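Here the structure is a predicted model, which is why all the values come from computation and not from measurement.
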Amino acid sequence: MQEAHLLEDVLNTPQKKLAFFQNLVLIAAADGDLSKDEGDFLLQIGSKLGLTAEEVMPIANNLGVLSFIVPSEGLQRTLELQTLVQMMLQDGQIDAREYGLCMEYANRIGYSKAILDDMVSQLSGGAPISNPNPPTVS
């Protein structure tokens with residue numbers, strides 16, 4: 001049985017929390033429209049991580065020049081991708097720009113499109129896609 005890991009436990013430094021939050025904001029802003037559900041999800045995650053408005057304002061103010069910060073730890077990478085996919089699904093639509101950013105992140109951590117699509121299917125309430133190449137955590 002797989003051990004459950006909490007995001008708050010994995011993101012155990014201010015730098016990790018802010019980098020993760022920045023990645024979430026990039027997905028939320030990708031389609032140019034921050035829905036109420038996306039905003040609520042950001043607030044929920046920010047609150048869970050104990051982030052303050054002062055800490056996250058530089059992210060919001062510099063969206064045009066920010067890019068993904070990819071963590072070095074395998075577990076953090078996987079949890080982060082799952083949360084990025086959850087953000088993409090918040091407004092009930094999979095926007096091509098949001099999906100593209102999730103795909104970019106997945107590629108950068110060594111995951112294939114099949115793994116990302118399986119994650120999207122599962123997190124949107126569908127059945128797992130049988131995957132001949134399960135993800136590995138380094």
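One hydrophobic cluster, built from ILVMFWY side chains closer than 4.5 Å, holds both L51 and L34. Placement of L66 and I69 in two distinct hydrophobic clusters is found when ILVMFWY residues are connected by side-chain heavy-atom separations under 4.5 Å, directly or transitively. Linking ILVMFWY residues whenever their side-chain heavy atoms come closer than 4.5 Å, directly or via other members, places M88 and L63 in the same cluster. One hydrophobic cluster holds both L123 and V120 under the rule that ILVMFWY side chains link at heavy-atom gaps under 4.5 Å.
Note that the CD atom of Q82 and the SG atom of C102 stand 12.0 Å from one another [nearest 0.5 Å]. Annotation: the span from D33 atom CG to D95 atom CG amounts to 9.0 Å, rounded to 0.5 Å. Taken from CD in E104 to CG in L26, the straight-line distance is 9.0 Å, to the nearest 0.5 Å. Annotation: the span from L49 atom CG to F21 atom CZ amounts to 8.0 Å, rounded to 0.5 Å. With values rounded to the nearest 0.5 angstrom, I94 atom CD1 is found 14.0 Å from R97 atom CZ.
Side chains of L18 and Q22 form no contact here, defined as non-hydrogen atoms less than 4.5 Å apart.
In terms of the ring-ring contact (aromatic ring centres under 6.0 Å, His included) criterion, residue partners of F68 (sequence neighbours excluded) are, by chain and number, Y105. The side chain to side chain donor-acceptor pair (under 3.5 Å) test applied to E55 returns T52, not counting sequence neighbours.
With no hydrogens or angles considered, no side-chain donor-acceptor pair links Q44 and D40 at under 3.5 Å. A donor atom on one side chain and an acceptor atom on the other are not found under 3.5 Å apart for D31 and Y99.
When each of L79, I27, L116, L89 is tested with L84 by the rule side chain to side chain contact (heavy atoms under 4.5 Å, CB included), just one qualifies, namely I27.
Minimum heavy-atom separation, L24 to T83: CD2-O, 3.7 Å. Summarising the geometry of M103 relative to S112, their closest heavy-atom pair is CE-C, 3.8 Å, with the distance given to 0.1 Å. The minimum heavy-atom distance between A28 and M87, with the atom names listed, is CB-SD, 3.7 Å. Residue V25 comes nearest to L42 through the heavy atom pair CG2-CD2, 3.9 Å, listed as atom of the first residue, atom of the second, then distance. Of all the heavy atoms in E98 and A30, the pair that sits closest is CG-CB, 3.8 Å. What you find for L11 and K17 is that their closest heavy atoms are O-CE, 3.1 Å.
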